[in-house]
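Below is one structure, written out as structure tokens; the observations come after it.
Just so it is clear, the values below take in all heavy atoms, side chains as well, and ignore hydrogens, waters and symmetry mates.
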Amino acid sequence: MTLLRRANAAGLLIVLLVLWEIFSRFALPALDTSAQLLLPPPSQGVRDAFNLAQQGVLWQHAAASAKRVYVGFLAAALIAIPLGIAMGLSRTLLRQLNPLVGVLRPIPPIAWIPITLLWFGVTDVQQYFIIFIGTLFPLLLNTIAGVHGLDPVLQRAALSLGARPKNLFALTLHAALPSIFVGVRTSLALGWFIIIASEMVSASTGLGFLIIEARTAMITERLYVGMFAIGMIGFLQDQLLVFLRDRLIPWA
Amino acid sequence: MNPQPMLEVRDVSKRFVAVKNSESVVALEHVSFTVDRGEFFVILGPSGSGKTTILNLIAGFEQPSSGAVTVNGLPVSSPSWQRAVVFQEHALFPWLTAWENIEFGLKMKDVPPGKRVAIVREYIDVVGLKGFENKYPKELSGGMKQRVGIARALAVDSDIVIMDEPLGSLDAQTRSEMQDELLRILQHEKKKTVLLVTHSIEEALKLADVILVLSARPGTVKKTFRLVQPRPREILRDPEIIRVNVELHELLHKAS
């Protein structure tokens with residue numbers, strides 16, 4: 001029953017895939033002999049994905065990208081979350097750092113690639129840095145917003161129930177959690193955006209590299225594989241984050 | 001022997017200075033009154049009469065511009081659990097369950113765990129929250145949330161319970177029910193001193209020992225009434241209450 005309903009829900013998708021398959025397989029070659037190279041049928045992508053997975057190549061590239069995203073993100077989180085809390089609590093610190101954040105934040109992470117290549121060369125460290133700089137600001141700003149988001153009436157409620165200053169700090173952190181989580185979710189999605197672009201420019205592994213290399217070799221169906229892999233990873237990552245949120249902050 | 005009042009507000013004025021044009025607004029002017037131990041004291045006034053400002057001064061959230069607020073003869077300088085507050089907007093901690101919200105003040109007071117459990121269980125029972133102990137505020141209705149708010153303020157066993165339009169955010173039906181509930185809940189307490197602010201005449205007539213009427217902008221004391229009728233009251237039957245009701249309507253109509 002549920003299987004039937006699922007198949008039903010994917011009905012349109014299946015129809016589109018079948019139409020695409022027919023179009024690429026029969027209509028395109030009739031129009032132009034080389035046109036199929038530009039839009040191979042989806043079944044070719046599936047076959048290539050299967051082959052790449054069997055050889056282990058797909059996993060290696062995915063793992064290389066994932067490692068860069070998560071190491072870079074972790075470094076950013078370790079700095080941005082404590083710093084964001086401090087900036088949220090201290091007006092002085094906020095005033096001092098705001099101009100710096102204001103100028104650095106609009107610079108696209110990709111614009112950091114040339115200078116970081118000079119600093120670190122074509123290394124994983126360079127990739128970590130790009131992710132670090134790209135995920136730092138969403139984390140920082142969401143943390144500050146979360147700290148500022150404590151409803152003043154909750155502070156009054158706590159004080160009128162005998163809370164002391166150290167309790168107020170715990171209160172602030174608790175109230176900031178949902179916003180910090182939004183920062184984490186945004187940053188991790190952004191991390192995958194950035195790493196693909198970055199690997200297309202300067203890497204010899206990773207899903208971004210897989211895509212750009214397939215494009216050079218004109219293995220078009222492999223472009224599907226790379227793109228679809230990124231889509232799946234992003235989807236699964238977000239599902240995992242939602243799962244964690246419902247367990248860690250069920251009250252939000 | 002004349003025991004000192006539980007709460008004394010003596011010649012209190014409060015001015016607010018606007019940040020923009022540094023003009024000052026007078027919220028309260030020369031307000032004086034006393035509340036005795038065990039009294040249910042209702043401050044009634046139109047919006048803009050500074051009634052919430054009075055509560056903020058008594059709770060210790062703000063300081064008067066002149067005059068003095070004393071509780072048991074001691075000046076109020078900061079918030080304290082001895083003056084627990086029930087807020088209009090509930091102000092429950094969203095990350096704590098109903099149980100944990102009620103327990104919060106007891107933890108702050110360092111009440112030992114065993115005793116804490118007993119007290120929380122008692123108040124869950126008194127306010128009728130059995131079965132909802134482990135719900136988060138977002139899972140509770142407005143009326144339920146305010147039951148938690150009331151239980152949380154009563155559980156710390158303060159000198160005074162301050163209620164700032166506690167039923168103001170509820171719909172008319174729930175509000176009327178909760179007025180009766182509040183009376184029932186307070187019967188469980190041994191002569192609690194309650195200070196409640198409202199703009200509802202009906203609420204004041206149902207609940208109060210003393211009703212103090214404030215005028216609007218600036219807030220000054222217009223008149224004080226004392227009601228001796230036992231509760232729950234038939235406010236549409238008792239001739240004395242009807243007389244007070246008429247007078248309150250006239251006063252508030254002129255005040256606003």
Can you tell me which portion of [X] sits under 4.5 Å from chain A's heavy atoms? Options are side chain, backbone, both or neither.
X	result
Lys138(B)	side chain
Asp110(B)	side chain
Glu139(B)	neither
Ala59(B)	neither
Leu96(B)	neither
Val85(B)	both

Can you establish whether the number of heavy atoms outside [X] located under 6.0 Å from its atom [atom1] is more than 12?
X	atom1	result
Gln96(A)	CD	no
Phe193(A)	CZ	no
Arg105(A)	CZ	no
Phe16(B)	CZ	yes
Arg164(A)	CZ	yes
Phe132(B)	CZ	no

Which atoms of [X] approach chain B - backbone, side chain, both or neither, heavy atom under 4.5 Å:
X	result
Ala252(A)	backbone
Asp151(A)	neither
Leu171(A)	both
Pro178(A)	neither

Exercise. May I ask you to decide if the ring planes of Trp95(B) and Trp251(A) are parallel, tilted or perpendicular, using 30° and 60° as cut-offs?
Key: perpendicular

Quiz item: Hey, what do you get for CE (Met108(B)) to CG (Leu159(A)), rounding to the nearest 0.5 Å?
Solution: 10.5 Å

Quiz item: Distance from Leu161(A) atom CG to Glu103(B) atom CD, nearest 0.5 Å?
Solution: 12.5 Å

Quiz prompt | Top contributor to chain A interface from Ala84(B), Pro94(B), Ser78(B), Gly105(B) [non-hydrogen pairs under 4.5 Å] | solution = Pro94(B)

Quiz prompt | Nearest atoms (heavy-atom pairs only) where Ala157(A) meets Ala91(B) | solution = CB-O, 3.8 Å

Exercise. Evaluate the side-chain proximity of Phe61(B) to Ser160(A): yes if any heavy-atom separation is below 4.5 Å, no if none is.
Key: yes

